[in-house]
> 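Below is one structure. I have some questions about it.
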Amino acid sequence: SVARLAAHLAATGRGTVATPDVPTTPTVADVPEMPAGRYPATAAQSQVAFLDRLAPGNRAYLTQSLLTLHGELDVDALHGAIQDLTDRHEHLRTRYAFDEHGTLTGWIEPALRVELARHDLREVPPWMREAEAGRIVAAVTGAGIDPARLPLLRWCLMRLGTRQHRLLVVEHHYVHD
């Protein structure tokens with residue numbers, strides 16, 4: 001096994017290998033954070049904005065994911081992780097609007113308090129829970145997202161049982177550009 005080979009190499013003193021000075025690959029920690037402020041939109045974002053002007057309220061640029069989670073869930077830890085993710089990634093705190101010259105512009109906000117909508121469906125009769133969860137999904141996904149106002153992501157947690165949850169994430173396409 002690899003463990004036995006490693007132990008043998010360590011015991012015989014042949015377990016260390018000198019490596020030449022090789023440049024290291026940058027990590028996320030090496031990338032500077034973009035400060036809050038105003039930035040030009042990408043060409044792809046400008047195309048989406050143009051199409052949105054042709055058909056306002058079109059939900060074609062909204063993406064949804066529905067995850068089923070089984071087991072114990074620390075909801076506060078989940079909320080905290082989502083908040084940490086948002087704090088770390090400025091594109092999750094960026095809104096988009098046309099400036100005074102009619103140019104689509106992104107504004108990075110320094111902070112955003114993340115909302116995690118919570119729906120406890122344990123009191124709903126078991127034969128009606130799926131239908132109620134479907135109604136909630138339809139309501140959350142049916143509401144548009146205005147790119148000029150944060151957040152561009154919506155998080156919704158539904159508790160169907162003691163150890164069963166569904167996490168719905170709805171996001172505007174701009175989050176990926």
> On a heavy-atom basis, which atom in Pro147 and which in Leu152 lie closest, and how many Å separate them?
CA-CD2, 3.5 Å

> Can you measure from CD1 (Ile145) to CG (Leu150) and round to the nearest 0.5 angstrom?
10.5 Å

> To the nearest 0.5 Å, how far apart are CE in Met158 and CG in Asp120?
12.0 Å

> Are Leu51 and Tyr61 side-chain neighbours, meaning at least one heavy-atom pair lies under 4.5 Å?
yes

> Taking C-beta and beyond as the side chain, do Val140 and Gln64 meet within less than 4.5 Å on heavy atoms?
no

> Taking Thr103 for the side chain and Asp99 for the main chain, is one N or O donor matched with an acceptor at less than 3.5 Å?
no

> Rounded to the nearest 0.5 Å, how far does NE2 of His91 lie from OG1 of Thr86?
9.0 Å

> Crowded around Glu100 CD? As in, over 12 foreign heavy atoms under 6.0 Å?
yes

> Locate the shortest heavy-atom distance separating Ala143 from Leu62; write the atom from each residue and the value.
O-CD1, 4.0 Å

> To the nearest 0.5 Å, what is the distance between NE2 (His119) and CZ (Arg135)?
8.0 Å

> Can you measure from CG (Asp84) to CG (Asp87) and round to the nearest 0.5 angstrom?
6.0 Å

> Got Asp52 and Tyr96 here, is their nearest side-chain heavy-atom distance under 4.5 Å?
no

> If you compare all heavy atoms of Gln164 against all heavy atoms of His70, which two are closest, and at what distance to 0.1 Å?
NE2-CE1, 4.1 Å

> Do the side chains of Val114 and Leu153 get nearer than 4.5 Å, heavy atoms only?
no

> For Leu104 versus Ala49, what's the shortest heavy-atom pair and its separation?
CD2-CB, 3.7 Å

> So, taking the atom named CD in Glu90 and the one named OH in Tyr39, what distance separates them when rounded to the nearest 0.5 Å?
8.0 Å

> Is the shortest side-chain N to carboxylate O distance from Arg166 to Glu132 below 4.0 Å?
no

> Which pair of non-hydrogen atoms, one from Leu116 and one from Leu167, has the smallest distance, and what is that distance?
CD1-CD1, 4.1 Å

> Could you check whether Arg154 pairs with Glu171 (Lys NZ or Arg NE/NH1/NH2 to Asp/Glu carboxylate O, under 4.0 Å)?
no

> Could you walk me through whether Leu112 and Glu109 pass the side-chain contact (heavy atoms from CB on, under 4.5 Å) test, one step at a time?
CA-CA 7 Å; Leu112 171 66; Glu109 298 298 335; 5.7 Å; no

> Less than 4.5 Å apart, side chain to side chain, heavy atoms only: is that true for Arg53 and Phe98?
yes

> Answer yes if Trp107 and Val48 sit in the same cluster of Ile, Leu, Val, Met, Phe, Trp and Tyr residues linked by side chain heavy atoms under 4.5 Å apart, and no otherwise.
no

> If you define the side chain from C-beta out and look only at heavy atoms, does anything of Leu92 sit under 4.5 Å from Val175?
yes

> Are side-chain heavy atoms of Arg159 and Arg122 found at a separation under 4.5 Å?
yes

> On a heavy-atom basis, which atom in Asp76 and which in Arg118 lie closest, and how many Å separate them?
OD1-NH1, 3.7 Å

> If you define the side chain from C-beta out and look only at heavy atoms, does anything of Leu160 sit under 4.5 Å from Thr68?
no

